[in-house]
Amino acid sequence: MMDSIASVINSIWGVFRSIGLNDIVDIFLLSLIIYYGIKLIRETRAQQLAKGILILIACYLLAVVFNLQTIRFILKICFQWGFLALIIMFQPELRRILEKVGRTNFLGLSGIFAPEGDELTEKWKKAIEAVCDSAANLSSTKTGALIILEQKTKLGEQIATGTVLNCEPSPQIFGNIFFPNTPLHDGAVIIRDGTILAAGCFLPRPQKDELINKQLGSRHRAAIGMSENSDAIVVVVSEETGNISVAENGELTRGFSKDSLKKLLDSRILSETDPNSIREASLAGRVISKWKK
């Protein structure tokens, strides 16, 4: 009995002794892939599809154990074409992953071709102040507005659908743009590097429009669609209630005030343009509700 236990312990110790640095890195990377894969599909339609795939794998293993040749043959064909089917079914999620990888700042190299940090930070500070003041003013009069703050993903396709302005943001400019029945009030304003680049822009529809809450209007849906297709931050003012909302990463967060909106924009934008600035994005004490896809 003691010899058997000693043999098992020696075998386990031998396995640990044979583990090298490359094995540790391999296990670590595989763990990250599994973690982010689970995080990706959690609370989405992909979660149900993943459960279905696991059931098919379990059925295949049972067919192998019990030697069920016909079921095994059919499932084997399904798995051969399964990779292509997964690419088609998970196309929106896969595209979002690739876009996030493309936006990653590897060793700070992405900032080489960016404008000067101090100048860009000052422009964004003024733009954020103008956006927050304008959102508060438009909210008080229940004037609908849709403002996009472009980040790393360039929005050339959307800019091409609007009218190029190339002017500094101000409450007066936003007031004129979104004044009811003016030529540009129905579209979106796009801000790039702290400057209003275009107005009256049309935005893409959400990828899963049928899953979005029916209470949300066209502006909020357009904001969600834009945030799904880019890393932009979209500020929305409802013309029905005057509520200020922010769309980010496919989620719409409602109930912002002027101060809470400024905290959010500072934390998202100034931390990117000025590495030395540390901002808090806490919205404690605010009435915030999220509308997920």
Side-chain angles (χ1 to χ4, degrees), residues 124-150 158 162-163 165 167-191 194 196 198-206 209 211-228 230 232-269 279-293:
W124 268 121
K125 285 181 178 179
K126 294 179 181 178
I128 290 173
E129 287 285 350
V131 169
C132 295
D133 289 341
S134 301
N137 294 339
L138 296 169
S139 175
S140 64
T141 59
K142 293 186 179 180
T143 302
L146 189 55
I147 304 172
I148 303 172
L149 291 84
E150 182 189 75
Q158 286 71 42
T163 301
L165 298 181
C167 62
E168 291 187 4
S170 69
Q172 292 76 17
I173 292 292
F174 286 118
N176 286 334
I177 292 174
F178 293 115
F179 190 81
N181 300 323
T182 57
L184 302 178
H185 85 282
D186 272 338
V189 168
I190 296 179
I191 300 178
I196 295 179
C201 302
F202 293 98
L203 305 183
R205 293 175 61 86
D209 195 20
L211 300 180
I212 296 177
N213 193 293
K214 302 300 182 182
Q215 298 179 14
L216 298 179
S218 58
R219 279 194 179 88
H220 296 84
R221 291 174 180 271
I224 293 174
M226 188 72 265
S227 67
E228 286 178 337
S230 71
I233 299 174
V234 187
V235 179
V236 190
V237 179
S238 171
E239 65 181 9
E240 295 180 357
T241 64
N243 285 336
I244 301 173
S245 307
V246 173
E248 190 177 11
N249 297 322
E251 287 188 355
L252 186 73
T253 308
R254 308 179 73 182
F256 282 88
S257 65
K258 176 182 175 180
D259 293 335
S260 61
L261 178 62
K262 187 175 185 306
K263 286 181 180 180
L264 178 68
L265 297 183
D266 283 350
S267 67
R268 296 293 191 271
I269 296 176
R279 300 287 193 270
E280 293 183 357
S282 174
L283 299 177
R286 305 292 178 183
V287 181
I288 301 295
S289 60
K290 288 190 176 181
W291 298 77
K292 294 185 179 180
K293 298 175 291 179

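These numbers come from the heavy atoms of this one structure, side chains and all, not from hydrogens, waters or symmetry mates.
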Just so I know, are the side chains of [X] and [Y] near enough to count as touching, which here means a heavy-atom distance under 4.5 Å?
X	Y	answer
I128	K262	yes
T182	I177	no
I148	V189	no
F178	L138	yes
V235	F256	no

Given the options L264, L265, D266, R268 meets side-chain contact (heavy atoms from CB on, under 4.5 Å) only with L264

side-chain contact (heavy atoms from CB on, under 4.5 Å) with F174: of N137, V237, V131, only one passes, and it is V131

(Q) Taking R254's backbone N and O only, do any of them form a donor-acceptor pair with S245's side chain (distance below 3.5 Å, no angle check)? (A) no

Hits for side chain to side chain contact (heavy atoms under 4.5 Å, CB included) against Q172, two or more places apart or cross-chain, chain-then-number order -> S170

Give a yes or no on whether a salt bridge exists between D259 and K263, defined as a side-chain N under 4.0 angstrom from a carboxylate O. no

Full working for side-chain contact (heavy atoms from CB on, under 4.5 Å) between S227 and N249: CA-CA 5 Å; S227 67; N249 297 322; 6.0 Å; no

Here the salt bridge (charged side-chain N to carboxylate O under 4.0 Å, His left out) pairs for residues 136-148, sequence neighbours left out, are none

